[in-house]
Amino acid sequence: MKKLTDTSNSNNFFTMVYDIVAKIPPGRVTSYGQIAALLDEPRAARTVGWAMHSIPDGIELPWHRVINAQGKITFNKHGQGASLQRALLESEGIVFNLKGRVDMSKYQWQPQEG
DNA sequence: ACGGTGACGAGAT
DNA sequence: TATCTCGCCACCG
C-alpha cells in the first residue's frame, strides 16, 4: 500500500473523493459518509476514509475538514495527527466541545451553499 | 480472480 | 453515553 490511485485518472473513486474534498470551504467540515453519499454510494464511507488516508504527496487538499459522522476526529498518525487536524480546524474558527467533538449540525458543509 | 484491509457508520448492549 | 459488533466497498498484490 504505497502508491495508490493515479490522480490523473479522474474516473477513479479516490480522485472523485479528492475533487469533492477540494470544494469544502474553510470553517466547514464534512463526514466520510457524506462524501460517499455525494458520489452516490452512501455505503462506501470506509473507502472514502481509505482514500483520505492515501492522499498522494504533491497534491494539496483541505483534508482536515473531513471528520467522522459523530463530529469526531479519527485521524491517528503515530499516536498524533488528531491534534494537528484539530488545530487546523480551530484556526478556521471551528469550536470543539468538552468531548473533543464539533457540532455537525452547525459546521457540516452544505454542498448547495457553493 | 480472490481475499485482506481501512482516517466509516449505524444499531445493539 | 461509551463500547462493541458487523456490514460496506474500492484498491492492491
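In what follows, chains carry the letters A, B, and so on, assigned in the order in which the sequence lines appear, proteins first and then strands, with residues in each chain numbered from 1.
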Lys/Arg cation over aromatic A/F96: A/R101, 6.0 Å, 45° cone: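 The answer is no, since A/R101 fails at least one limit relative to A/F96.
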Pairs counted only when both distances fall under 3.5 Å, Watson-Crick or G-U: show me the 5' to 3' dot-bracket for DNA chain B, [ ] for pseudoknotted crossings and | for other-strand partners. .|||||.||||||
What string of B, S and - do you get for nucleotides 7-13 of chain B, 5' to 3', if B is base contact, S is sugar-phosphate-only contact and - is no contact with any protein heavy atom under 4.0 Å? BBS----
If you check every side-chain atom of A/R101, which of C/dA10, C/dC9, C/dA2 has the closest atom?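 For the A/R101 side chain, the nearest candidate turns out to be C/dA2.
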Which residues satisfy the side-chain contact (heavy atoms from CB on, under 4.5 Å) test with A/T74, sequence neighbours excluded?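 Result, side-chain contact (heavy atoms from CB on, under 4.5 Å) vs A/T74: A/Y32, A/N68.
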Of all residues at least two apart in sequence or in a different chain, which pass the side-chain contact (heavy atoms from CB on, under 4.5 Å) check with A/E92?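 Counting only residues at least two positions away or on another chain, A/E92 forms a side-chain contact (heavy atoms from CB on, under 4.5 Å) with A/P26, A/H64, A/R65, A/L89.
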Just by modelled atom types, is the A/V66 backbone N or O under 3.5 Å from a matching donor or acceptor in the A/Q85 side chain?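 Confirmed, A/Q85 side chain pairs with A/V66 backbone.
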Between P on C/dA10 and CG on A/L39, what's the gap in Å once rounded to a whole number?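 Atom-to-atom, A/L39 to C/dA10, this comes out as 10 Å.
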Let me know the distance between NZ of A/K72 and C1' of C/dA2, rounded to the nearest Å.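 In whole Å, C/dA2 C1' lies 10 Å from A/K72 NZ.
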Test ring-ring contact (aromatic ring centres under 6.0 Å, His included) applied to A/F75 - qualifying residues, sequence neighbours left out: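 ring-ring contact (aromatic ring centres under 6.0 Å, His included) list for A/F75, sorted by chain: A/W63.
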Is the closest side-chain heavy-atom distance between A/V102 and A/N97 below 4.5 Å?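 A/V102 vs A/N97: side chains apart.
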I want to check something: taking the side chain as every heavy atom from C-beta on, are A/R28 and A/Q110 in contact at a cut-off of under 4.5 Å?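 Result yes, sub-4.5 Å side-chain heavy-atom pair found.
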With a cut-off of 3.5 Å and sequence neighbours excluded, list every side-chain donor-acceptor pair involving residues 34-48 of chain A.
unit_1, atom_1, unit_2, atom_2, d
A/Q34, OE1, A/T30, OG1, 2.4
A/Q34, OE1, A/Q108, NE2, 3.2
A/Q34, NE2, A/W109, O, 3.1

